[in-house]
Amino acid sequence: MKEPYMPLVKIDPDTLESRSGGGCVSLFGLLFLLPGVFIMQIPLGLVPLDTEGASLPWYFFVLFGLPFAAVGTVLVFGRYGFTIDRRRGMVRGWKGLLVPMKRTETLLGLYESVRISHKPGDKNSPDTFPVELAGPGVKKPLLVGCPPDYTEARRMAEDLSRFLDKQLEDSSAAKRVVREAGRL
């Protein structure tokens with residue numbers, strides 16, 4: 001699955017936020033949700049179906065309709081994001097359907113660096129340059145954004161590095177380069 005490119009928005013001098021979901025993804029999700037719900041209404045008799053003697057069991061419609069409806073629901077109503085708060089020293093992540101349902105909090109001090117890497121694309125997707133907050137104290141790095149352009153990724157990483165006063169680790173080329181935030 002392709003990682004999203006989520007721009008960071010400065011809420012106040014000490015807070016950055018990124019949100020994703022809704023918009024065009026919701027419209028695309030309707031292409032799954034509506035047929036899935038339509039198919040699942042057939043066994044309830046809400047949608048008449050003339051089979052001329054050949055009757056299909058009710059679970060046949062559920063097996064076909066449920067996956068479409070589930071994927072469509074997540075695409076239409078799914079939202080996620082995170083907030084980086086320097087003042088409180090926290091990174092708050094959330095995800096849910098229209099409203100936050102699952103929240104996570106991580107201490108900002110556990111992240112030691114801002115990291116850029118290179119993720120080669122295939123014939124259907126372009127190369128991307130993930131920008132992450134990483135550190136030995138966290139299980140999984142926090143994906144801040146995944147721009148398809150190196151200069152945009154570098155700008156995002158440098159801004160984040162200066163904002164957090166963390167070192168910048170660039171391993172997008174063959175050689176890993178580490179720079180302190182004050183020397184960017």
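Quick caveat: nothing in here was measured; it's all calculated off a predicted structure.
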Within one Ile-Leu-Val-Met-Phe-Trp-Tyr cluster: V74 and V25, side-chain cutoff 4.5 Å: no

Which atom of A153 lies closest to which atom of I116, heavy atoms considered: O-CD1, 4.0 Å

Heavy-atom closest contact (L108 atom, R86 atom, distance): CD2-CA, 4.2 Å

Flag side-chain contact, heavy atom, 4.5 Å: T106 against M90: no

R92: side chain to side chain donor-acceptor pair (under 3.5 Å) partners, not counting sequence neighbours: E105

Any side-chain heavy-atom pair of L16 and L164 under 4.5 Å: no

Considering all heavy atoms, the nearest P147-M156 contact: CG-CE, 4.3 Å

Shortest non-hydrogen contact between Y111 and L142, atoms and distance: OH-CB, 3.8 Å

F68-F64 aromatic ring centre distance below 6.0 Å: no

Common cluster, L33/V62, ILVMFWY with side-chain heavy-atom separation under 4.5 Å: no

V131 reachable from V138 in the ILVMFWY side-chain graph, under 4.5 Å edges: yes

Contact summary for S26 and R79, nearest pair of heavy atoms: OG-NH1, 4.0 Å

Close side-chain approach of K95 to P100, heavy-atom, < 4.5 Å: no

Any pair counted as ring-ring contact (aromatic ring centres under 6.0 Å, His included), so long as it reaches residues 141-175, sequence neighbours left out: F129-Y150

Close side-chain approach of L133 to I84, heavy-atom, < 4.5 Å: yes

Side-chain touch S172/S117, heavy atoms, less than 4.5 angstrom: no

Side chain to side chain contact (heavy atoms under 4.5 Å, CB included) between L46 and F38, intermediate numbers included: CA-CA 9 Å; L46 298 173; F38 180 80; over 6 Å; no

L97 side, atom CG; Y80 side, atom OH - distance, nearest 0.5 Å: 13.0 Å

Non-neighbouring partners of D12 that pass side chain to side chain donor-acceptor pair (under 3.5 Å), sequence neighbours left out: T15, R87

Closest contact, heavy atoms only, P35 versus L30: CD-O, 3.8 Å

Linked, directly or transitively: M101 and F77 (ILVMFWY side chains, under 4.5 Å): yes

pair V144-S18: side-chain heavy atoms closer than 4.5 Å: no

pair Q41-I39: side-chain heavy atoms closer than 4.5 Å: no

Heavy-atom donor-acceptor pair, S171 side chain to R176 backbone, under 3.5 Å: no

Same apolar cluster: L31 and V71, side chain cutoff 4.5 Å: yes

Residue pairs fulfilling salt bridge (Lys or Arg N to Asp or Glu O under 4.0 Å) with at least one residue in residues 121-143, sequence neighbours excluded: R115-E132

Verdict with reasoning, E17 to L8, per side chain to side chain contact (heavy atoms under 4.5 Å, CB included): CA-CA 6 Å; E17 186 175 66; L8 293 171; over 6 Å; no

Main-chain N/O of A69 paired to T73 side chain as donor or acceptor, under 3.5 Å: yes

Contacts of R154 that satisfy side chain to side chain donor-acceptor pair (under 3.5 Å) - sequence neighbours left out: E158, D170

salt_bridge(R162, D159) N-O dist < 4.0 Å: yes

Partners passing side chain to side chain donor-acceptor pair (under 3.5 Å) against S113 (at least two apart in sequence or in another chain): E169

Any F28 side-chain heavy atom under 4.5 Å of V76 side chain: no

